[in-house]
Amino acid sequence: MGRRYDPERRQRIIDAAIRVVGARGIAGLSHRSVAAEADVPLGSTTYHFKTLDELLIAALRQSNEGFAKVMAASVVFEDPTADLADLARGLARVLGEWFAGERAGVELEYELYLAAVRRPALRPVAAEWCAGLTEVIERRTDPVTARALVALMDGISLQVLLTGAEYNEEYAREMLGRLLVRKD
């Protein structure tokens, strides 16, 4: 019997890995748990992803698309002549829109993102995410300020996730605005 043609299998494996991490955390991720979740033979997961880090990299890249889509849909970067208060308001709103989505999805994105602390193979993907976001924000400000804004948005997001608190858009707007104040 020949191999079954299944062009969507790799994607189903990635989707299954994201579901497994969402349900059990990264500690619950194994080729076996993903194969069971994707309803594919165990050999399929190891064929497409030799190591768990390779699978986590694919999952992290895909999960990073969530925030990237929110950023891409934002009008905050469309008017380069808008003032910095508008930028702070827009960035705070973008974070709010992200948190207004499925909380489990936001938690999953951060769990995968923070996995890079212990898994060096994931660090380049996490760095790509930060660099991509910084690049988008640089359309409206300088590179150093853009990096600081990304760091502050990360910090606010982590505090919301770790404390279980509601996202406070007004607080985020004020803090982002403070970073954007020019001290000439």
Exercise. Can you check side-chain contact (heavy atoms from CB on, under 4.5 Å) on T141 and I137, steps first, answer last?
Worked result: CA-CA 7 Å; T141 188; I137 295 173; 3.8 Å; yes
For this session: Given side-chain contact (heavy atoms from CB on, under 4.5 Å), test T145 with E138 step by step and report yes or no.
Result: CA-CA 8 Å; T145 303; E138 281 178 15; over 6 Å; no
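When all heavy atoms are compared, the tightest approach of L84 to L180 is CD1-O, 3.1 Å. When all heavy atoms of E109 and L60 are compared, the pair lying nearest together is O-CD1, 4.5 Å. Contact between E169 and G96 at its shortest, heavy atoms only, is OE1-CA, 4.2 Å.
A salt bridge is absent between R12 and D15; no separation between the charged side-chain nitrogens and carboxylate oxygens falls under 4.0 Å. Between E107 and R103 there is a salt bridge, with a side-chain nitrogen of the basic residue lying less than 4.0 Å from a carboxylate oxygen of the acidic one.
A donor-acceptor pair under 3.5 Å links the side-chain atoms of T46 to the main chain of G43, judged by distance alone.
Rounding to the nearest 0.5 Å gives a distance of 11.5 Å between CG of N168 and CG of L95. Once rounded to the nearest 0.5 Å, the distance linking CG of L56 with OG1 of T51 reads 8.5 Å. Atoms CG and CZ, from L114 and R119 in turn, are 13.5 Å apart once rounded to the nearest 0.5 Å. Here CZ of R147 is found 7.5 Å from OG1 of T134. Values are rounded to the nearest 0.5 Å. Note that CZ of R139 is 11.5 Å distant from CG of L87, once rounded to the nearest 0.5 Å.
Taken together through direct or relayed side-chain contacts under 4.5 Å among Ile, Leu, Val, Met, Phe, Trp and Tyr, L42 and I14 form parts of separate hydrophobic clusters.
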Determine all donor-acceptor pairs shorter than 3.5 Å in which one atom belongs to a side chain in residues 152-161; sequence neighbours excluded.
| from | atom 1 | to | atom 2 | distance (Å) |
| --- | --- | --- | --- | --- |
| D154 | OD1 | Y110 | OH | 2.3 |
| D154 | OD2 | Y113 | OH | 2.7 |
| S157 | OG | M153 | O | 2.8 |

Please report, to 0.1 Å, the donor-acceptor pairs under 3.5 Å made by any side chain of residues 120-132, with sequence neighbours excluded.
| from | atom 1 | to | atom 2 | distance (Å) |
| --- | --- | --- | --- | --- |
| R123 | NE | A116 | O | 2.9 |
| R123 | NH2 | V117 | O | 2.8 |
| E128 | OE1 | R61 | NE | 3.3 |
| E128 | OE1 | R61 | NH2 | 3.1 |
| E128 | OE2 | R61 | NH2 | 2.8 |

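Looking at heavy atoms from C-beta onward, L112 lies in side-chain contact with V21 at the 4.5 angstrom threshold.
Between the side chains of R9 and S44, a donor-acceptor pair is found at a separation under 3.5 Å.
Applying the 6.0 Å contact sphere to CZ of R19 captures more than 12 heavy atoms from other residues, nucleotides or ligands.
Residues forming a side chain to side chain donor-acceptor pair (under 3.5 Å) with E54 (at least two apart in sequence, or on another chain): none. In this view, Y167 and F99 satisfy the ring pair (Phe, Tyr, Trp, His ring centres under 6.0 Å) rule, not counting sequence neighbours. Residues that satisfy the side chain to side chain contact (heavy atoms under 4.5 Å, CB included) test with V20, not counting sequence neighbours, are R24, L29, S33, V34, E37.
Sorted by first and then second residue, the ring-ring contact (aromatic ring centres under 6.0 Å, His included) pairs with a member in residues 7-32 form an empty list; sequence neighbours excluded.
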